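For reference, the structure discussed in these notes is given below.
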Amino acid sequence: MKMAHPLLSKPLCFDENRVQVLVVEHPVQFRTCVFDLTAQSGGEDGPFVFSTHHCPLDGSEHLFVLSDYQHLLTEDDRALQSRFQKLLAQTVLEEMAPQSAALNSAIADFLGQLSVQVGYPMESFQGNYTLALLKWLKCRAAPEDAAPLGRLTEYLDLVSGLFSDVCFVLISAHSYFCDRELEILYQTAAYHKWNLLILEQRQNPTLPQESVCIIDRQMCEIRLDETEKP
């Protein structure tokens, strides 16, 4: 996967075992980048172009921007929860078909006995009771790990399982996680082949897995990987 932007002389490439860090030092430009990325993740047009195999990707399907690391996997994340509901339905219909059929039969039998007990004929829902029950129970994806880093990795793992060719943009991750936590995150990302872009407003000590590109206050581009070469 690659990411291009008018401020960049060439795209950022998401290579295996490398994490791209984009530092935008000018406050207004940093804010603009955050707003543009957020809008594009919602399906709007914008200056960022994410592509794989030279094919541009739809932001609403492939771009996930995170700035609130406390409230992940919430009910308000409709796109994610909707995709999770489809996964539940597919699992019920395909992988758990015998169990679903048994449950449907049991519920139908129960309703028949209920009609006899009340002494009056009655009409009830006709269809797959299992799917209707799941909808009524409002089953949704929820975090299991209470620790911030664990909650984040759970979210990334779920999204990457539900969507393909995903790029995760983590806003100011260096301000929320210590170096050791980020190294664990990067190791996990490398194992699962997640595409991570860290967007920061100021330069931080560079971790071994990071490839850093800086857009300074004068809008000049500096690539540390290139300037550090002999």
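Predicted, not measured: the structure shown is a model, and the values here were computed from it.
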When rounded to the nearest 0.5 angstrom, what distance separates [atom1] in [X] from [atom2] in [Y]?
X: L93; Y: N128; atom1: CG; atom2: CG; answer: 6.0 Å
X: D216; Y: Q203; atom1: CG; atom2: CD; answer: 11.0 Å
X: N195; Y: K2; atom1: CG; atom2: NZ; answer: 13.0 Å
X: L8; Y: I215; atom1: CG; atom2: CD1; answer: 5.0 Å
X: C213; Y: E221; atom1: SG; atom2: CD; answer: 4.5 Å
X: N204; Y: S175; atom1: CG; atom2: OG; answer: 6.5 Å

Is there a side-chain contact between [X] and [Y] (heavy atoms, below 4.5 Å)?
X: I214; Y: V212; answer: yes
X: R180; Y: I184; answer: yes
X: Q209; Y: Q187; answer: yes
X: H62; Y: S164; answer: yes
X: V19; Y: L197; answer: no
X: D165; Y: M1; answer: yes
X: V92; Y: L88; answer: no
X: L170; Y: L199; answer: no

Steps toward side chain to side chain contact (heavy atoms under 4.5 Å, CB included) verdict (Q85, K135):
CA-CA 8 Å; Q85 292 297 322; K135 185 176 181 180; 5.8 Å; no
How far apart are the closest heavy atoms of [X] and [Y], and which atoms are they?
X: P208; Y: R18; result: O-NH1, 2.7 Å
X: S67; Y: Y176; result: O-OH, 3.9 Å
X: P27; Y: R217; result: CD-NH1, 3.6 Å
X: H54; Y: P56; result: O-CD, 3.8 Å
X: G42; Y: S60; result: C-CB, 4.2 Å
X: F14; Y: L196; result: CE2-O, 3.4 Å

Determine, using the 4.5 Å side-chain heavy-atom cutoff (strictly less than), whether [X] and [Y] are members of one ILVMFWY cluster.
X: M3; Y: V49; answer: no
X: F30; Y: L63; answer: yes
X: L158; Y: L156; answer: yes
X: F35; Y: V23; answer: no
X: W136; Y: Y129; answer: yes

Testing D58, V166, L37 one by one against F50 for a side chain to side chain contact (heavy atoms under 4.5 Å, CB included), which residue passes?
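When D58, V166, L37 are each tested with F50, the side chain to side chain contact (heavy atoms under 4.5 Å, CB included) holds only for L37.
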For the pair [X] (side chain) and [Y] (backbone), establish whether a donor and an acceptor sit closer than 3.5 Å, ignoring hydrogens and angles.
X: S100; Y: M96; answer: no
X: S115; Y: G112; answer: no
X: Q20; Y: C13; answer: yes
X: D109; Y: S105; answer: no
X: T32; Y: V28; answer: yes

Salt-bridge contact [X]-[Y] (side-chain N to carboxylate O under 4.0 Å):
X: R83; Y: E61; value: yes
X: E154; Y: R151; value: no
X: E16; Y: K193; value: yes
X: E200; Y: R202; value: no

Checking side chain to side chain contact (heavy atoms under 4.5 Å, CB included) for the pair F177/L185: CA distance, chi angles, key distance, verdict?
CA-CA 10 Å; F177 301 99; L185 173 63; 5.7 Å; no
Just say parallel, tilted or perpendicular for the rings of F64 and Y155, cut-offs at 30° and 60°.
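Rings of F64 and Y155: perpendicular, over 60°.
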Parallel, tilted or perpendicular, as decided by the 30° and 60° cut-offs, for the rings of W194 and F168
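Perpendicular: the ring planes of F168 and W194 meet at over 60°.
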Ignoring hydrogens and geometry beyond distance, is a side-chain donor-acceptor pair present between Y186 and E210 at under 3.5 Å?
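Note: Y186 and E210 side chains meet the donor-acceptor criterion.
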Go through it in stages, so that I can follow the logic: the residues are Q40 and D36, the test is side chain to side chain donor-acceptor pair (under 3.5 Å), and I'd like the CA-CA distance, side-chain angles, deciding distance and then a yes or no.
CA-CA 6 Å; Q40 290 187 230; D36 286 341; over 6 Å; no
For atom CG of D68, is the number of surrounding heavy atoms from other residues, nucleotides or ligands below 6.0 Å larger than 12?
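Yes, because the 6.0 Å sphere around CG of D68 holds more than 12 heavy atoms from other groups.
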